[in-house]
Structure formats: structure tokens, C-alpha cells
Novice: 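I'd like to ask some things about the structure below.
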Amino acid sequence: MKKTGVILSAVFLALTLVLGGCGQPQTARVATKGPAWAPSLVPLQQETIVKVGMKQVVSDAGVLVGMAKGYYKDLGIKIEPVQFNTGQEMINALAAGQLDVGATVTASGLFNAMSRDIPVKIVADKGVNVPGKGYYRLVIRKDLVGQINDFADLRGRKIAVVGTASLDEIALDRVLNKGGMTTKDVDLQVIRSFPDMLVSLGNKSIDAAMLIEPFIAVGVAKGLADPWKDPSSYDPDAQTALLVFGTSMTTRPDVANRFMTAYVKSLRDYNDAFFKDKGKKELIDILCKYSVVKDPVMYEKMFPVGLNPDGYLRLKGIEMDLAWYKQRNLLKADIKLPDAVDNNYVDFALNVLGKYK
């Protein structure tokens with residue numbers, strides 16, 4: 001009996017070593033507590049890659065700041081930036097599930113993707129004009145100051161946009177509406193890049209252009225462009241840029257909600273820096289490293305992009321965009337605002353973070 005007991009003890013010890021020793025590396029430690037800035041939100045059990053389509057401009061601060069400060073990592077997310085040549089390519093990738101998140105602008109292609117019952121949703125703000133500081137606006141050629149004074153003076157002028165049937169044509173159309181016109185009443189020029197618009201302003205082949213920062217500041221500094229009227233006078237409700245979740249996010253709310261929480265936290269850091277002057281140097285250093293604007297001096301010259309620290313969109317602006325597309329028969333289905341926008345993710349983030357103060 002004694003010999004049998006020894007054998008059984010040896011077998012038990014061996015099994016313990018095998019199950020404990022070999023199994024231990026395969027057992028991941030599961031966090032039971034969130035980071036200091038979101039203690040109630042437990043990170044994902046496994047690190048999850050989220051592919052984000054963006055051009056790494058300043059309005060992408062909600063992603064760039066969170067990458068730099070580790071907010072996404074804190075919640076178990078690894079951001080993988082993806083570059084696209086056109087917005088339509090990004091929309092196609094979102095619809096196909098090849099891209100998780102898109103930092104983009106309104107376009108007929110985006111709404112038409114939704115018309116095919118694909119669960120793509122506009123979920124958060126990614127850029128609006130702040131009254132008196134419009135970062136996206138119509139500029140006129142510097143030598144035309146005094147000639148183009150009011151909206152009616154734009155009639156027949158050569159005005160450039162980077163694309164039609166999207167944000168740029170809509171924004172210009174609203175400028176012209178103030179003078180009782182539409183884009184049919186001007187010589188509409190399509191110039192596919194903002195730097196090329198500055199060249200065209202310089203050689204006087206165009207009279208005005210829809211520009212975005214930092215190109216407004218560059219144009220003003222070089223004496224090529226005048227900021228003209230503030231966008232609050234002609235397009236006060238515009239939702240200039242959008243954060244969009246693709247099918248791979250809308251079908252994974254655990255990932256989507258954590259992404260949004262880190263995104264909103266990043267927006268708040270941006271607002272603290274540029275509108276409250278808290279930690280501004282740190283934010284400028286981050287944006288110089290991660291965005292396409294590398295010169296810290298430019299951040300003092302540019303009009304700052306507006307980013308809602310509570311994440312919500314200007315719904316009236318999106319509704320106006322939908323109406324614009326419908327009037328021009330550019331939509332394949334009767335998309336309504338609830339079909340396009342989902343506030344649930346921002347709601348979740350605010351439940352974790354509280355409202356911005």
C-alpha cells in the first residue's frame with residue numbers, strides 16, 4: 001500500500017508539472033480594471049488591430065493623439081494607419097470590411113454604400129468650422145481683394161474644388177447660394193490637390209478656391225490668398241469631416257465602443273490644448289510627429305479645426321448634405337438621417353468619460 005501511495009503521488013506531481021508548466025504560457029492574463037483615465041472600462045482580452053483610413057491631417061487628431069499617448073493601446077487596440085488615394089477607394093474598403101474606420105468627408109458614394117444595406121455608419125465628428133476661425137473655406141486671390149467684395153461678385157469667376165458630388169462642391173454651392181447662385185453660375189474648375197490650387201492662385205489661372213488648412217495659412221503667408229468671408233456667414237451648420245465605422249466595426253461593438261472611448265479622450269486633449277491652452281506644446285509636438293504638418297510655427301498661424309470634445313456630429317449639416325444629393329439624383333435610395341448616423345458609440349464613450357468640462 002505504501003509503495004502504491006508513492007507511485008500515485010509521483011503520477012500526481014508529474015501531471016501537475018505538465019498541466020501547470022506547459023499550460024501556463026498559453027493562459028493570457030485578463031485585465032479586470034481599466035486605465036486611470038477610464039477605470040470602469042476593461043481592455044479587450046487580446047490586442048486587436050484596427051485599420052484606420054486617414055490622410056494624417058490635423059483633423060485626424062482624435063486618432064493621432066490617441067496613438068501617441070497610448071489611449072488605444074490602453075484598451076487593447078493597435079492602430080494601423082492606411083493611406084488611400086481617393087475617398088471612394090476608402091468607402092469601398094469600408095463596405096467590403098477591408099478597412100475598419102474611415103476618416104473622411106461626405107460623398108454620394110458613402111451614402112450609396114449604405115443604400116445597399118451595408119452596415120457602414122457615420123459615428124463621430126472629425127472636423128467643423130469654428131466661428132471666426134474657419135479651417136475650411138473659400139479663399140480669393142490676393143490681388144482680387146476689393147473686386148470680389150460680396151457673394152454676387154463671384155458670378156462667372158473661375159473657382160476651384162478638389163472634387164464634385166462631395167463636400168467641396170456642396171460647400172461652394174452654399175457660398176454661391178448666398179448670392180442667389182449655384183455652381184452653374186461660375187466657371188467650376190476641378191483641381192485634385194490643394195497644393196496645386198495654390199500654384200493656380202499664384203499664376204492667376206483661377207480666381208478663388210475651396211481650401212483647407214494648412215494651405216490657407218501657406219497661401220496667406222505667400223501673399224497668394226485672402227481668407228475672405230468667415231464660413232459662419234454662409235455655412236454655419238456644416239459637418240466638414242466625418243468618422244465612419246465600416247462593417248468590421250459595426251458588427252464588433254466591444255471593439256467599436258473602446259475605439260470611440262479612446263477617440264473622444266483624444267479629442268478632449270486636443271481641445272484642452274488649442275482652445276484652453278493646456279498642454280499645447282505637447283500636442284503640437286505630437287501633431288508635428290504624426291501629422292503631415294511638421295512645422296510647429298504653422299500651428300500658431302493656422303485656423304484651428306473644430307473637434308467636438310463630446311464627439312457628437314452636427315446632425316443638421318449631415319441632413320442638409322443628404323438633401324443636396326437627393327435634389328441632384330445622386331443617391332440610389334432614399335437614405336434618411338437615422339440610416340446614416342449612429343450615436344450609440346459616442347453615447348457609450350460619454351457614459352465612461354462623462355461630459356467635457
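Count residues from 1 along the sequence. Since the structure is predicted, the reported quantities are computational estimates derived from the model, not experimental observations.
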Novice: Is it true that R314 and D125 have a side-chain N and a carboxylate O under 4.0 angstrom from each other?
Specialist: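 Salt bridge between R314 and D125, a charged N being under 4.0 Å from a carboxylate O: no.
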Novice: Would you confirm whether N92, through its side chain, and E89, through its main-chain N or O, come within 3.5 Å as a donor-acceptor pair?
Specialist: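 No; judged by distance alone, with no hydrogens or angles, the pair does not exist.
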Novice: Should D187 and R157 count as an ion pair when the cut-off is N to O under 4.0 Å?
Specialist: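 No.
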Novice: Any sub-3.5 Å donor-acceptor pair from T106's side-chain atoms to L167's backbone N or O?
Specialist: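 Here the side-chain-to-backbone pair does not exist.
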Novice: Are K281 and D285 ion-paired here, with the side-chain N under 4.0 Å from a carboxylate O?
Specialist: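 Result for this pair is yes, salt bridge flagged.
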Novice: Are any side-chain N or O atoms of S266 and backbone N or O atoms of G66, one a donor and one an acceptor, separated by less than 3.5 Å?
Specialist: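 Yes; at least one donor-acceptor contact below 3.5 Å.
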Novice: Salt bridge or not between K133 and D230? Use side-chain N to carboxylate O under 4.0 Å.
Specialist: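 No.
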Novice: Quick one: ring pair (Phe, Tyr, Trp, His ring centres under 6.0 Å) pairs with a partner in residues 181-240, sequence neighbours left out?
Specialist: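 Applying ring pair (Phe, Tyr, Trp, His ring centres under 6.0 Å) to every pair that reaches into residues 181-240, excluding sequence neighbours, yields F151-W228, F194-F215.
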Novice: Please confirm whether the backbone N or O of V175 pairs with a side-chain atom of K229, one donor and one acceptor, at under 3.5 Å?
Specialist: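 Not at all, since once roles are kept as given, no pair shorter than 3.5 Å links the two residues.
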Novice: Does a side-chain N-to-carboxylate-O contact under 4.0 Å join D226 and R141?
Specialist: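 Looking at D226 and R141, the cut-off is not met.
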Novice: For the side chain of E169 and the backbone of A165, is there at least one donor-acceptor N/O pair under 3.5 Å apart?
Specialist: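 Here the side-chain-to-backbone pair exists.
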Novice: So, K294 side chain and C288 main chain: donor-acceptor pair closer than 3.5 Å or not?
Specialist: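 Judged by distance alone, yes, a pair lies under 3.5 Å.
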Novice: Under a 3.5 Å distance rule, please check whether D173 uses its side chain to pair with a backbone N or O of T183 as donor and acceptor.
Specialist: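 Yes: the side chain of D173 pairs with the backbone of T183.
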Novice: Treating Ile, Leu, Val, Met, Phe, Trp and Tyr as nodes and any side-chain heavy-atom pair under 4.5 angstrom as an edge, say whether V292 and M54 lie in one connected cluster.
Specialist: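 Yes, V292 connects to M54 through the hydrophobic network.
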Novice: Which heavy atom in I77 sits nearest to a heavy atom in V255, and how many Å separate them?
Specialist: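 Taking I77 first and V255 second, the nearest heavy atoms are CD1-O, 3.9 Å.
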Novice: Please report the C-alpha distance between T250 and K121 in whole Å, then the side-chain angles of each, then the deciding distance to 0.1 Å, and finally whether the side chain to side chain contact (heavy atoms under 4.5 Å, CB included) criterion is met.
Specialist: CA-CA 8 Å; T250 57; K121 295 289 184 181; 4.1 Å; yes
Novice: Taking D207 first and then K158, would you say they form a salt bridge - that is, a charged N and a carboxylate O separated by under 4.0 Å?
Specialist: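 Looking at D207 and K158, the cut-off is not met.
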Novice: Mind checking side chain to side chain donor-acceptor pair (under 3.5 Å) for S233 and listing every partner two or more places apart, or none if nothing turns up?
Specialist: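 Side chain to side chain donor-acceptor pair (under 3.5 Å) check on S233 returns nothing, list empty.
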Novice: Applying a strict under-4.5 Å side-chain criterion to I, L, V, M, F, W and Y, I'd like to know whether L242 and Y136 cluster together.
Specialist: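 L242 and Y136: separate clusters.
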Novice: Assigning hydrophobic clusters by single linkage (Ile, Leu, Val, Met, Phe, Trp, Tyr; side-chain heavy-atom cutoff under 4.5 Å), is L350 placed with L243?
Specialist: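 Yes.
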Novice: Measuring only between side-chain heavy atoms, which start at C-beta, is V162 closer than 4.5 Å to R192?
Specialist: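 No. Closest side-chain heavy atoms not under 4.5 Å.
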Novice: Could you please spell out the steps behind the salt bridge (Lys or Arg N to Asp or Glu O under 4.0 Å) verdict for D60 and K55?
Specialist: CA-CA 8 Å; D60 292 324; K55 295 183 178 179; over 6 Å; no
Novice: Check D185 with R155, please: is the shortest side-chain N to carboxylate O separation under 4.0 Å?
Specialist: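 Looking at D185 together with R155, the answer is yes, because their closest N to O distance falls below 4.0 Å.
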Novice: For a quick test of your reading: what N or O donor-acceptor pairs under 3.5 Å do the side chains of residues 299-308 make, sequence neighbours left out?
Specialist:
| from | atom 1 | to | atom 2 | distance (Å) |
| --- | --- | --- | --- | --- |
| Y299 | OH | L287 | O | 3.4 |
| Y299 | OH | S291 | OG | 3.0 |
| Y299 | OH | V293 | O | 2.8 |
| E300 | OE1 | K280 | NZ | 3.3 |
| N308 | OD1 | D310 | N | 2.9 |
| N308 | ND2 | Y312 | O | 3.0 |

Novice: Output yes when E47 and K73 qualify as a salt bridge under the 4.0 Å nitrogen-oxygen rule, no when they do not.
Specialist: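 Answer for the salt bridge query: no.
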Novice: Taking the side chain from R174 and the backbone from D235, do they hold a donor-acceptor pair closer than 3.5 Å?
Specialist: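 No, the answer is negative, given that no donor and acceptor are paired below the 3.5 Å cut-off.
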